[in-house]
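Here's the structure we're looking at; comments come further down.
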Amino acid sequence: MQLGRRWLSGQSDARLRIETLAADGRSDAQEMLGEVLGPSGPSALRDEVAACGWFAKAAASRSDALHNSALCYENGIGVTRDLAKAAALYRRAADRGYARSMCALGNLYVAGRGVPKDDTKGAALCRQGANLGEPNAQTDLGNLYLQGIGIPKDVVQARHWYELAAAQGQPNAQFVLGQIYWNGDGVGRSQAKAAALLKQAFNGGRRDAAPLLAKWLFADWMSAHAQGDFTILDEAIGYQKVAVGSATETNRGDEQTLLDVMQAARAAAEKVK
């Protein structure tokens, strides 16, 4: 919706126009308001209660809004948390062919939340969504294969689904796949591919990729570049600063110590350069 892009670019008149259309019953405008005001929108505009209200209005005619309304009930945003209601809404969207809702409902069956626990049914629903190309469903199916939940454990199949999801930019798939390639779990070990995937995951919001990247890049610099190019070391320090900033109270001290070591190594190498 062109008006949505104009609003996000700072044109306030576009928001007024979208709100007018939404108030007049335009479901595309209602969904757009929900998306911008919801968790995936800019933090400065966030109003999740209002977003869920707009999703509810658009749900009658839009499967994406129906799915998002189910999320509101699952998380208790703007409404009382009601897992059974969330499951029913996911089922309605899935019955309409909305792939993302298929695995969202499947995850409820796997966890036994709002529906009777049924790992096999949950895995089957995630497979339906994954076969339709939905990256979140592909990631969740990979997780189920990796853990052997509802389907036989199969690392090769897990990697297959992670690869498909990662190619679509799914950060959780990129994060797990990066670790698989780093450790060589059932695949040829490739530190370069692992680092590339983890960087993609980090850029997609997986801040917990930062400490892994920092440690691996620092080890790489120490083994190959300790007396020369600081590019890799500076990159490692940047990620380690993020690791310190997002660390828990328990491990913040260890992360800060490693940052101090990295910075000291850089200062020492600078002197002998």
Side-chain angles (χ1 to χ4, degrees), residues 27 30-31 34-35 38-40 48-49 51-166 168 170-177 179-180 205-206 208:
S27 61
Q30 292 166 345
E31 170 65 18
E35 293 285 353
S40 61
E48 294 185 43
V49 172
C52 287
W54 288 116
F55 290 141
K57 291 179 184 297
S61 59
R62 292 184 64 99
S63 298
D64 52 358
L66 188 58
H67 174 88
N68 287 326
S69 190
L71 278 172
C72 294
Y73 278 98
E74 183 177 356
N75 297 310
I77 300 172
V79 292
T80 301
R81 177 175 289 179
D82 187 336
L83 295 175
K85 176 74 170 178
L89 293 173
Y90 285 137
R91 187 175 288 109
R92 283 173 55 194
D95 288 344
R96 293 181 186 177
Y98 195 67
R100 193 168 185 180
S101 289
M102 295 171 186
C103 195
L105 178 59
N107 288 332
L108 291 182
Y109 274 104
V110 169
R113 301 173 69 234
V115 290
K117 183 173 174 60
D118 188 333
D119 291 348
T120 302
K121 187 169 186 176
L125 283 163
C126 282
R127 185 183 299 281
Q128 288 179 23
N131 283 334
L132 290 172
E134 212 293 308
N136 295 312
Q138 291 170 341
T139 302
D140 291 342
L141 184 59
N143 293 339
L144 295 175
Y145 267 116
L146 195 63
Q147 299 171 71
I149 297 175
I151 43 180
K153 183 174 182 178
D154 189 328
V155 177
V156 174
Q157 276 293 308
R159 191 175 73 250
H160 166 73
W161 291 107
Y162 288 140
E163 293 274 13
L164 292 176
Q168 297 191 69
Q170 217 291 342
N172 298 328
Q174 292 164 341
F175 182 79
V176 177
L177 195 57
Q179 294 178 83
I180 287 173
R206 287 297 301 254
D208 50 348

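We count residues from 1, following the sequence as given.
A pairwise comparison of heavy atoms in Cys126 and Asn107 identifies SG-OD1, 3.8 Å as the closest pair. What you find for Ala166 and Leu177 is that their closest heavy atoms are CB-CD2, 4.0 Å. For the pair Pro39 and Glu48, the tightest heavy-atom approach, listed with the atom from each and the gap, is CG-OE1, 3.8 Å. The heavy-atom pair separating Gly142 from Ala158 by the smallest distance is O-CB, 3.4 Å. Of all heavy-atom pairs spanning Ser101 and His67, the tightest one is OG-ND1, 2.7 Å. Summarising the geometry of Val110 relative to Gly122, their closest heavy-atom pair is CG2-CA, 3.9 Å, with the distance given to 0.1 Å.
The distance from atom CD of Glu134 to atom CG of Leu164, rounded to the nearest 0.5 Å, is 12.5 Å. If you take CG on Asn68 and CD on Glu35, they are separated by 5.0 Å, rounding to the nearest 0.5 Å. In this structure, CZ on Phe55 lies 13.0 Å from CG on Leu89, to the nearest 0.5 angstrom. Note: Arg100 CZ to Asp140 CG = 10.0 Å, rounded to the nearest 0.5 Å. Annotation: the span from Gln174 atom CD to Glu163 atom CD amounts to 10.5 Å, rounded to 0.5 Å. How far NZ of Lys57 is from OG of Ser27: 13.0 Å, rounded to the nearest 0.5 Å.
Using modelled atom types, one side-chain atom of Arg81 and one backbone atom of Glu74 make a donor-acceptor pair closer than 3.5 Å. Panel note: side chain Gln157, backbone Pro152; no donor-acceptor pair is recorded below 3.5 Å. Ser69 places no side-chain N or O within 3.5 Å of a backbone atom of Ala65 that could act as its donor or acceptor partner. Using a distance-only test at 3.5 Å, with no hydrogens or angles considered, a donor-acceptor pair links the side chain of Tyr162 to the main chain of Asn143.
Looking only at side-chain heavy atoms (C-beta outward), Leu125 and Tyr109 come within less than 4.5 Å of each other. Counting only heavy atoms from C-beta outward, the side chains of Arg91 and Val115 approach each other to under 4.5 Å. Taking the side chain as every heavy atom from C-beta outward, Asp64 and Arg62 approach each other to under 4.5 Å. Residues His160 and Asp154 fail the side-chain proximity criterion, which asks for heavy atoms closer than 4.5 Å. With a 4.5 Å cut-off on side-chain heavy atoms, Trp54 and Glu31 do not count as touching. For the pair Leu141 and Ile151, the minimum side-chain heavy-atom distance is below 4.5 Å.
Remark: Lys117 NZ is packed, more than 12 non-hydrogen atoms of other residues, nucleotides or ligands lying under 6.0 Å away.
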### Message
Is there a side-chain contact (heavy atoms from CB on, under 4.5 Å) between Tyr90 and Leu108? Walk through the geometry before answering.
### Response
CA-CA 10 Å; Tyr90 285 137; Leu108 291 182; 3.8 Å; yes
### Query
Going through the checks in order, is the side-chain contact (heavy atoms from CB on, under 4.5 Å) test met by Val79 and Lys85?
CA-CA 11 Å; Val79 292; Lys85 176 74 170 178; over 6 Å; no
